[in-house]
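This report concerns only the one structure given below.
Owing to the predicted nature of the structure, the values given are computational and were not obtained by experimental measurement. First the proteins, then the strands, lettered A, B, ... as listed; each starts at 1.
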There are 2 protein chains.
Amino acid sequence: MSAPDTFREFLRSRDLPVTEQRMRVATLLFSTHKHVSVEEILERLQADRVEIGKATVYRTLDLLVDSGLVREHDFGEGFKRYEYLAGPADHEHLICESCNKLIEFTSVEIEDLKRELARAHNFQPRFHRVEVYGLCEDCGVGAVEQGSPADRLPKAAFSRGGGRRQT
Amino acid sequence: MSAPDTFREFLRSRDLPVTEQRMRVATLLFSTHKHVSVEEILERLQADRVEIGKATVYRTLDLLVDSGLVREHDFGEGFKRYEYLAGPADHEHLICESCNKLIEFTSVEIEDLKRELARAHNFQPRFHRVEVYGLCEDCGVGAVEQGSPADRLPKAAFSRGGGRRQT
DNA sequence: GTGGCTGCAAATTCTTTGCACTATG
DNA sequence: CATAGTGCAAAGAATTTGCAGCCAC
């Protein structure tokens, strides 16, 4: 079943109306695997001449997260980002604390772990979030040897988290 | 080395003064493995007659997170919680979407995974966060058979995230 | 037709910032 | 003693809420 259909079915299962705005936010997310912010969703939809308000975007995102089709993330920017999850065994994130680059990876271990948890704690997993923070290959200590050191950050053992709130 | 000492060393490595307030916030966190909010930190310190302002708590928490001794969490309450991390291979969280219970677990798989990532992506992990959302044994579908069903939530296939903001 | 949704703007809440004063090294 | 930290209160920002009109069912 396609993602929009799954969302429609979710809404029906809750006796909630399938509205134009809800489907617009949903299909926008389903059409990309990027991590989009509320502001970006609003801009893109309004660029497409869709009449929609910020409150509706927030309200729809709550529903999408509840449906399990979308995952919420806080990458420390001061606002949340949302991303479409194609399946339960989707990707995870590596976040570089120096340049804020995002690397995605998949891991079978995580699914094994969830099975194991279900058994050991009698827990029914619905979705998860795995985030690893550290230094990417361009910013790590090994990087200096193969590039010009000057264009990089100090890469101290304790590097400042970078990019926290744009003010 | 004790946690307070590690924090002192961290401050010195950055040429930052070791102040009374900073050490108070730090030792409060080090003395418990609970997930505390800024408000709670403030209340507990002020109950102990410590003169400290909210801004200083926020500023100190940033330092503690940077030092790697403390981890920040967003459990969807509308504010952040902070927790002391005794070692790099610390615990992870299961979060029940129905009753908001928090279950902690440890996993060797996670450490294996981090090693594997370091190799595959040339990434230097510093800390991580693993959160699994779902239904705990008291709220899951199997629970009905062994307890009085009336005191529990509807446990629909799609349960509402519960406890999002207290307003 | 009706109950729930929508958009707008105001309200709320967490977090950050500016500044005069104080304390650390 | 100089530099950086602190507390307070005000500012800043993301998210939520109230309500009149509108739309899915």
Q.
Please find the pair of heavy atoms, one from A:Glu83 and one from A:His73, that lie closest to each other, and give the distance.
A. OE2-NE2, 2.9 Å

Q) With a 4.5 Å limit on heavy-atom distance, are the side chains of B:Tyr82 and B:Val65 in contact? A) yes

Q: Under 4.0 Å from any atom of DNA chain C, heavy atoms only: list the residues of residues 21-28 of chain A that qualify, in numerical order.
A: A:Gln21, A:Arg22

Q) Is any side-chain N of the basic residue among B:Arg14 and B:Asp66 closer than 4.0 Å to the acidic one's carboxylate O? A) yes

Q.
Taking the six-membered ring for Trp, are A:Phe105 and A:His93 closer than 6.0 Å centroid to centroid?
A. no

Q.
Distance check needed: C:dT15 P versus A:Asp74 CG, whole Å only.
A. 10 Å

(Q) If I take atom CG in residue A:Asp15 and atom C1' in nucleotide D:dA24, what distance separates them, rounded to the nearest angstrom? (A) 13 Å

Q. Atom CD of A:Glu77 to atom C1' of D:dA13: distance rounded to whole Å?
A. 14 Å

**Q.** Between C1' of D:dC25 and CZ of A:Arg8, the distance in whole Å
**A.** 15 Å

(Q) Test: salt bridge (charged side-chain N to carboxylate O under 4.0 Å, His left out). Region: residues 29-44 of chain A. Which pairs qualify, not counting sequence neighbours? (A) A:Glu39-A:Lys54, A:Glu40-A:Arg81

(Q) Once salt bridge (charged side-chain N to carboxylate O under 4.0 Å, His left out) is applied, what residue pairs with a partner in residues 17-28 of chain A remain, sequence neighbours excluded? (A) A:Glu20-A:Arg24

Q: Report yes or no: do A:Val132 and B:Leu85 belong to one cluster of Ile/Leu/Val/Met/Phe/Trp/Tyr joined by side chain heavy-atom distances under 4.5 Å?
A: no

Q. Parallel, tilted or perpendicular: which describes the rings of A:His35 and A:His91, with under 30° parallel and over 60° perpendicular?
A. perpendicular

(Q) Hydrophobic clustering (ILVMFWY, side-chain heavy atoms < 4.5 Å, transitive) - are A:Leu28 and A:Val18 grouped together? (A) yes

Q: Could you tell me whether a side-chain N or O of A:Thr56 sits under 3.5 Å from a main-chain N or O of A:Ile52, the two making a donor and an acceptor?
A: no

Q) Could one point to a donor on the side chain of A:Arg59 or the base of C:dG4 with an acceptor on the other under 3.5 Å away? A) no

Q | Length of the line joining B:Arg81:CZ and C:dT15:C1', which is rounded to integer Å | A | 16 Å

Q. Should A:His128 and A:Glu111 count as side-chain neighbours, where that means a heavy-atom distance under 4.5 Å?
A. yes

Q) Roughly, in whole Å, what's the span from CG in A:Leu61 to P in D:dA14? A) 15 Å

Q: Five pairs at each end of the helix from C:dG1-D:dC25 to C:dG25-D:dC1: take the axis at both ends and give me the angle between them to 10°.
A: 50°

Short heteroatom pairs, N/O only, protein and nucleotides 20-25 of chain C, under 3.5 Å:
residue : atom : partner : partner atom : Å
C:dG25  : OP1  : B:Val18 : N            : 2.8

(Q) As a test of reading the structure: which of D:dT6, D:dT16, C:dT6 is closest to the side chain of A:Thr56, going by heavy atoms? (A) C:dT6

**Q.** Selection: residues 32-55 of chain A, any non-hydrogen atom under 4.0 Å of DNA chain C
**A.** A:Glu51, A:Ile52, A:Gly53, A:Ala55

Q. Does the side chain of A:Pro125 reach to within under 4.5 Å of the side chain of B:Tyr133, using non-hydrogen atoms?
A. no

Q.
Would you say CD of B:Glu51 has more than 12 non-hydrogen atoms from neighbouring residues, nucleotides or ligands within 6.0 angstrom?
A. no

Q. Does OP1 or OP2 of D:dT15 have a side-chain N or O of A:Tyr58 closer than 4.0 Å?
A. yes

